[in-house]
Amino acid sequence: MDRPSDGLHKAIVRRLAEADATEEEIAAILGDSVRTAAIYTGAGLSKLDGSE
């Protein structure tokens, strides 16, 4: 399965995180490592959004 584009990937992770999915669950759903999922959640996501 091909990976979604970065913007779509980030949107999917954001929706899963808003639905209280854990980083482990997000990683499993998207085929990411937990470390990659962590980048797209919490503080890592705010850095990607330029919120800091």
Criterion side chain to side chain contact (heavy atoms under 4.5 Å, CB included) on L16 and E25, from CA distance to verdict: CA-CA 9 Å; L16 290 168; E25 291 168 334; over 6 Å; no
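- Shortest non-hydrogen contact noted between I26 and A37 is CG2-CB, 4.1 Å.
- By the rule that hydrophobic residues join a cluster once side-chain heavy atoms approach within less than 4.5 Å of another member, I29 and V13 end up as members of one cluster.
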